[in-house]
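Labels below follow one simple rule: chain letters A, B, ... track the order of the sequence lines, proteins then strands, and each chain is numbered from 1. Below, all heavy atoms of this structure are taken into account, side chains as well, without hydrogens, waters or symmetry copies. Predicted, not measured: the structure shown is a model, and the values here were computed from it.
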Number of protein chains: 2
Amino acid sequence: MLRLSKLTDYATVLLAYMAKTNSHLHTAVELSEATAIHLPTVSKVMKVLSKAGVVYATRGSKGGYQLAQGPEQITVASIIGALEGPVAITECSSQTHDCEQASACEIKGNWGVVNRAIVNVLESITLADMMVTQQEYSSAEIQVSWQGLSR
Amino acid sequence: MLRLSKLTDYATVLLAYMAKTNSHLHTAVELSEATAIHLPTVSKVMKVLSKAGVVYATRGSKGGYQLAQGPEQITVASIIGALEGPVAITECSSQTHDCEQASACEIKGNWGVVNRAIVNVLESITLADMMVTQQEYSSAEIQVSWQGLSR
DNA sequence: TTTATACAGTACTAATTTAGTCCTATATCG
DNA sequence: CGATATAGGACTAAATTAGTACTGTATAAA
Ligand code: FES
Ligand code: FES
């Protein structure tokens, strides 16, 4: 249903907390207590974020996690990519598809264009943007223009 | 994984075929043969599209389906909406959410903004756009700007 | 060097969602 | 009436996601 996984949501909440309290390394236990996300889940998410390079991990006593970049450099797309892989709204939206009925298909390639548009949005929004306090959903100003093809 | 359901994909393929051959009513059998989508699945999809008002259905002998509007008026968002309901990329992205940890959450409301941005993209793309023959994915020109909050 | 701490990697089960099919009912035309 | 075609709902199977647990590795301090 065009929905992100819960793990991606957790990741964003965790990263936002880390961004807010950026002075020290954060252990999984601390993150769990601060966000009320169960510890095993926090661990799972942080391991994935670490492997993807979104956060930097230090092992051992006095260890923990820290953001690999500033909140302005971490995009929502990169968070999603870490947890779920590249965004692909349909099977046919990636370059490496092999749709069975491709020869007869009227919309061939167009999901790729839609996908690209959505990725552009997600790449334009950073963790810092996600930390802005919202008064109203409707107060956001987003402008999107669709110009079709250049040829 | 931010993916549309297959039924939504089928719906778009079916509607694109209908748009291309707009002169007559299309039975489920004809649509199935033209698109190579199994008949039970075609029926399921068309029933949903009919209920949502995307297509108009005529019962009985000489019956079938036709587009309720021109391809330029049918948006991708409306197709998705018919099959999957309103787009909500996370539980917290709709106005009517009641997130357990909302009081402590650093990103409260921001998924709603991201969701709105994606919906804007999907509302800007029509069935007619989806029927343009694509040479290269990269040839599409989409411009998105994120301007954050107005206040 | 031993011990406590904290992350890494992997495997597994349960829960949820989606896909696909089928059956019965209703409407329309000739 | 009988053939055609959609409407609605129920049901099963498949796929995906969420959540948990266990074992391994690295680090720092006693
Ligand atoms: S749906 Fe795959 S090529 Fe059209
Ligand atoms: S995730 Fe629900 S309010 Fe933040």
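- Side-chain contact between A/Leu4 and B/Trp111: present, with at least one pair of heavy atoms (C-beta onward) separated by less than 4.5 Å.
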Practice task
Would you give a per-nucleotide map of nucleotides 25-30 of chain D, 5' to 3', where B means the base has a protein non-hydrogen atom under 4.0 Å away, S means only the sugar-phosphate does, and - means neither?
Solution key: BBBS--

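- In this structure, A/Tyr56 shares a hydrophobic cluster with no other residue, the cluster being traced through Ile, Leu, Val, Met, Phe, Trp and Tyr side chains under 4.5 angstrom apart.
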Check: residues 38-50 of chain A side-chain donor-acceptor pairs under 3.5 Å, at least two apart:
from: A/Ser43; atom 1: OG; to: A/Leu39; atom 2: O; distance (Å): 3.4

Practice task
Before giving the answer on side chain to side chain contact (heavy atoms under 4.5 Å, CB included), spell out for B/Asn120 and A/Val121 the whole-Å C-alpha distance, their side-chain angles and the decisive distance to 0.1 Å.
Solution key: CA-CA 10 Å; B/Asn120 283 351; A/Val121 170; over 6 Å; no

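- For B/Lys6 and D/dA14, the NZ to P distance is 13 Å, given to the nearest whole Å.
- DNA chain C lies under 4.0 Å from at least one heavy atom of each of the following residues of residues 43-53 of chain B: B/Lys44.
- The distance from atom CZ of A/Arg3 to atom P of D/dA18 is 10 Å, rounded to the nearest whole Å.
- Within the 4.5 Å cutoff, the side chain of A/Ile74 has heavy atoms near those of the A/Val54 side chain.
- Between A/Ile37 atom CD1 and D/dG19 atom P the separation is 10 Å, expressed in whole Å.
- Running 5' to 3' along DNA chain C, contacts with non-hydrogen atoms of chain A at under 4.0 Å begin and end at C/dT5 to C/dT18.
- Rounded to a whole Å, the CG atom of A/Asp9 is 15 Å from the P atom of D/dT17.
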Under 3.5 Å, which donor-acceptor pairs link side chains of residues 12-24 of chain A to any protein atom two or more places apart or in another chain?
from: A/Thr12; atom 1: OG1; to: A/Thr8; atom 2: O; distance (Å): 2.9
from: A/Tyr17; atom 1: OH; to: A/Glu30; atom 2: OE2; distance (Å): 2.9
from: A/Lys20; atom 1: NZ; to: B/Glu106; atom 2: OE2; distance (Å): 3.1
from: A/Thr21; atom 1: OG1; to: A/Tyr17; atom 2: O; distance (Å): 3.0
from: A/His24; atom 1: NE2; to: A/Glu30; atom 2: OE1; distance (Å): 3.3
from: A/His24; atom 1: NE2; to: A/Glu30; atom 2: OE2; distance (Å): 3.2

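- Both B/Leu7 and A/Gly64 sit near DNA chain C, but only A/Gly64 has its closest nucleotide nearer the 5' end.
- Sorted by first and then second residue, the pairs that involve residues 4-17 of chain A and meet salt bridge (charged side-chain N to carboxylate O under 4.0 Å, His left out), not counting sequence neighbours, are A/Lys6-B/Glu91.
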Sequence neighbours left out, cut at 3.5 Å: what donor-acceptor pairs do the side chains of residues 62-70 of chain B make with other protein atoms?
none

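- Across the protein-nucleic acid pair, B/Leu25 atom CG and D/dT4 atom C1' stand 13 Å apart, rounded to whole Å.
- Under the 4.5 angstrom side-chain criterion for Ile, Leu, Val, Met, Phe, Trp and Tyr, A/Leu25 has no cluster partners at all.
- Listed by first and then second residue, the salt bridge (charged side-chain N to carboxylate O under 4.0 Å, His left out) pairs involving residues 64-83 of chain A amount to none (not counting sequence neighbours).
- Contact check, A/Tyr10 against D/dA18: no side-chain N or O comes under 4.0 Å of OP1 or OP2.
- Applying the salt bridge (charged side-chain N to carboxylate O under 4.0 Å, His left out) criterion to A/Glu84, with sequence neighbours excluded, gives no partner residue.
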